[in-house]
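Worksheet: one structure, shown below.
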Amino acid sequence: MKIAVAIKQVPLRDSLLRVNGAGTWIEEENLSFEINEPDAYALEEALQLREKHGGEVIVISVGPPRVSQTLREALAKGADRGIHVESSNLDTLGVGHLLATALRAESPDLILTGLQSDDLGYGQTGVVLAELLGLPSSTIIMQVQVINDVQPGKVRVKRELEDGWFQHIEMPLPAVLTIQSGLNKLRYATLMGIKKAKTKEIKLVSASEVPQASAVIEKLYAPEKNKQGQIFDGDAKTAAAKLVEKLRFEARVI
Amino acid sequence: MSVLAIVEQRMAGEVLAAAQQFGSPLIAYSIDLPYTADAYTAAVEELIRKVNPTLVVFGHTYQTRDYAPKLAARFGRVLIGDVIAARPPVFVRQMFQGKFNADVRLVGDGPHFVSVQAGAWRAGSAAAETFSPSSTTSRQMAEPPFREAGRAVDLTAADIIVSVGRGIKEKENIPVVQALAQALGGELAASRPICDAGWLPMDRQVGSSGQTVSPKVYVAVGISGAIQHLVGMKGAKTVVAINKDPDAPIFEVAHYGIVGDLFEVVPALVEEIKKAK
């Protein structure tokens, strides 16, 4: 099976984020970056499917030059090769077109990606990619079972619904699935893996032309503080004592 | 601008209230089909070509997330998802997991596509016409929804819930928060990442994909307050937040808060509770 995983590089969790001078995006200078968390689960799922069904795992990412670091880390975890589409385009549809153009030539049997990104948080890239490639898709996937890995392939997935409900869905391959965090256990890169990754290929692709964005971020800003609540100051003991008083006499649970 | 609202059972009244604010004339439809992504994409595409709206409005449900981006892409558009406020053609949504809001401006001709966040608009009437598409095909074969058998923990019945998030850092630290739950006589719960990591079982998860709770007191420890978590606990009568980041969104919904290191604050709290009892 040929499995492609679309991964995104996002600021390191818990980074102190500031809005840039233009007020339209974050200030990226001095930030560190890592793989978008749900994409890490998508990569892990691809690696486990390869262990079961054979074949290869290709990781692909759209982004500026720094993205190659995240691709290299994915290779160290076990992906076979990488594709880096160099572009700073942030528009979901634009990124979808860039991914679709690069993946069309590969015709993978299965495309996985995380259900959403920690930065934009649109949660659409996988679904848009499926539409542009003319493939069926399913989202928020908790389990992937490849029923038939030879043509005509078929996959059965467990999709998460609201309030603890789930649903099984079957569809023909090739297909695009967006992966929910927590469906598997992430592996670490081994020393051997890191060593091997240095010799694996990352193909650099220049961005093809994409349609104009249908929506633009006009302004990015910290949400207006609307705190109604009471914050207790002082050291831990003082603050704890004040809180306990409230829980005792206002909320009446102690 | 003319607005088409697509309603499903979930959020129907909210979607209509939002759509009404976005523009007129407004026409609302529910889709008379068992759901699959392919079937709904084709059905709503047919409806859009018939009605020719400038704006199509959805609720930001799991179902919308599954097919509306595909539908929008078919029209060369991006779905502006999870909108919390609007001054059309500018729509406000959260980014960076609630750390920032973004004003997103629609560019070019319609149809444009917007989905609204649960709880962002007060529900109004939910009256909608029914649309039956002329034909339906789907590559996805969907089986009936199900719940995992034997949910061991029913958090919905708990009066007091102490919930733990990423701030706990390691599985070995969970007992720190467990001690607080015990001192208060409450249930221990968690945000999604804690259950994803296997530090607590999935049936202790509060949030959009876990349980929705409304206890007398909800203590959020080391939980930043992503919207997926907030929708699961906003109904609590009293919300207490303990977090080292004063800008964490959890403080927006907290009645009482302590900004500080949970590894200092929580043990101090346990001690004070024991003293008070």
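Remember, predicted model here, so these are calculated numbers, not experimental data. By convention in this document, chain letters (A, B, ...) are assigned in the order of the sequence lines, proteins followed by strands, and residues within each chain are numbered from 1.
- In terms of heavy-atom pairs under 4.5 Å with chain B, the best-connected choice from A:E37, A:K185, A:Q212 is A:E37.
- For a residue to count as touching a neighbouring chain, one of its non-hydrogen atoms must lie under 4.5 Å from one of that chain's; by this rule A:S137 touches chain B with backbone and side chain alike.
- In terms of heavy atoms, A:A240 sits closest to B:I258 at N-CD1, 4.0 Å.
- Using modelled atom types, one side-chain atom of B:D66 and one backbone atom of A:T139 make a donor-acceptor pair closer than 3.5 Å.
- The pair A:K158-B:E143 does not meet the salt-bridge criterion, since no charged nitrogen lies less than 4.0 angstrom from a carboxylate oxygen.
- To the nearest 0.5 Å, atoms CG (A:L132) and NZ (B:K70) are separated by 9.0 Å.
- Ranked by non-hydrogen atom pairs under 4.5 Å with chain B, the options A:A130, A:G123, A:P172, A:P11 are led by A:P172.
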- Task: Decide yes or no on side-chain contact (heavy atoms from CB on, under 4.5 Å) for A:I231 and B:Y256, but give the supporting numbers first.
- Result: CA-CA 6 Å; A:I231 303 291; B:Y256 305 119; over 6 Å; no
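- The side-chain heavy atoms of B:R147 and A:F166, taken from C-beta on, include no pair separated by under 4.5 Å.
- With a 4.5 Å cut-off on side-chain heavy atoms, B:V107 and A:S214 do not count as touching.
- A:Q124 contributes a side-chain N or O that, together with a main-chain N or O of B:L79, makes up a donor-acceptor pair within less than 3.5 Å.
- Not one N or O on the side chain of A:E131 forms a donor-acceptor pair closer than 3.5 Å with the backbone of B:L71.
- The aromatic rings of B:F146 and A:H168 lie parallel to each other, with less than 30° between the two planes, well short of the 60° mark.
- At a threshold of 4.0 Å, the pair A:K237-B:E272 counts as salt-bridged, since one of the basic side-chain nitrogens sits closer than that to a carboxylate oxygen.
- Nearest heavy atom pair, residue A:I217 against residue B:A102, reads CG2-CB, 4.2 Å.
- Atom OG1 of B:T36 sits about 10.0 Å away from atom CE of A:M171, to the nearest 0.5 Å.
- Heavy atoms only, all atoms of each residue included: B:V92 and A:Y221 are closest at CG1-OH, 3.5 Å.
- Between chain A and the options B:T41, B:I80, B:D38, B:D82, heavy-atom pairs under 4.5 Å are most frequent for B:I80.
- Residues B:M141 and A:I169 have side chains not in contact (no heavy-atom distance under 4.5 Å, counting atoms from C-beta outward).
- Scanning residues 110-122 of chain A against chain B with a 4.5 Å heavy-atom cutoff picks out A:L115, A:Q116, A:D118, A:D119, A:L120, A:G121, A:Y122, ordered by number.
- Two residues are said to be in side-chain contact when any heavy atoms from C-beta on lie closer than 4.5 Å; A:E218 and B:V104 fail this criterion.
- With a 4.5 angstrom heavy-atom cutoff, A:P223 touches chain B via backbone and side-chain atoms both.
- Contact annotation: the side chain of B:R166 approaches that of A:R13 to within less than 4.5 Å [non-hydrogen atoms, C-beta and beyond].
- The shortest side-chain heavy-atom distance between B:V240 and A:L243 falls under the 4.5 Å cut-off.
- Taking the side chain as every heavy atom from C-beta outward, B:R10 and A:E162 approach each other to under 4.5 Å.
- Neither the backbone nor the side chain of A:I141 comes within contact range of chain B; no heavy atom of the residue lies under 4.5 Å from a heavy atom of that chain.
- A:D235 does not touch chain B: none of its heavy atoms, backbone or side chain, sits under 4.5 Å away.
- Residue A:L161 holds its CG atom at 11.0 Å from OG of B:S209, rounded to the nearest 0.5 Å.
- No other option in A:P136, A:G126, A:A236 has as many heavy-atom pairs under 4.5 Å with chain B as A:P136.
- Residues A:Q167 and B:A142 share a closest heavy-atom pair of NE2-CB, 3.6 Å.
- Of all residues spanning residues 16-29 of chain A, those with a heavy atom less than 4.5 Å away from chain B's heavy atoms are A:L17, A:R18, A:V19, A:W25, A:I26, arranged by number.
- Within a 6.0 Å sphere centred on NZ of A:K242, heavy atoms belonging to other residues, nucleotides or ligands number more than 12.
- A:A213 touches chain B through its backbone: at least one of N, CA, C or O sits under 4.5 Å from a heavy atom, while the side chain does not.
- In this structure, no portion of B:Q205 lies under 4.5 Å from any heavy atom of chain A.
- For B:K277, the NZ atom counts as densely surrounded, since its 6.0 Å shell holds more than 12 non-hydrogen atoms of other residues, nucleotides or ligands.
- Residues from residues 94-104 of chain A never place a non-hydrogen atom less than 4.5 Å from a non-hydrogen atom of chain B.
- The minimum heavy-atom distance between A:S181 and B:R192, with the atom names listed, is O-NH2, 3.3 Å.
- Interface residues of residues 244-254 of chain A toward chain B, defined by a heavy-atom distance below 4.5 Å and sorted by number: A:V244, A:K246, A:L247, A:R248, A:E250, A:A251, A:V253, A:I254.
- The side-chain heavy atoms of B:R65 and A:T178, taken from C-beta on, include no pair separated by under 4.5 Å.
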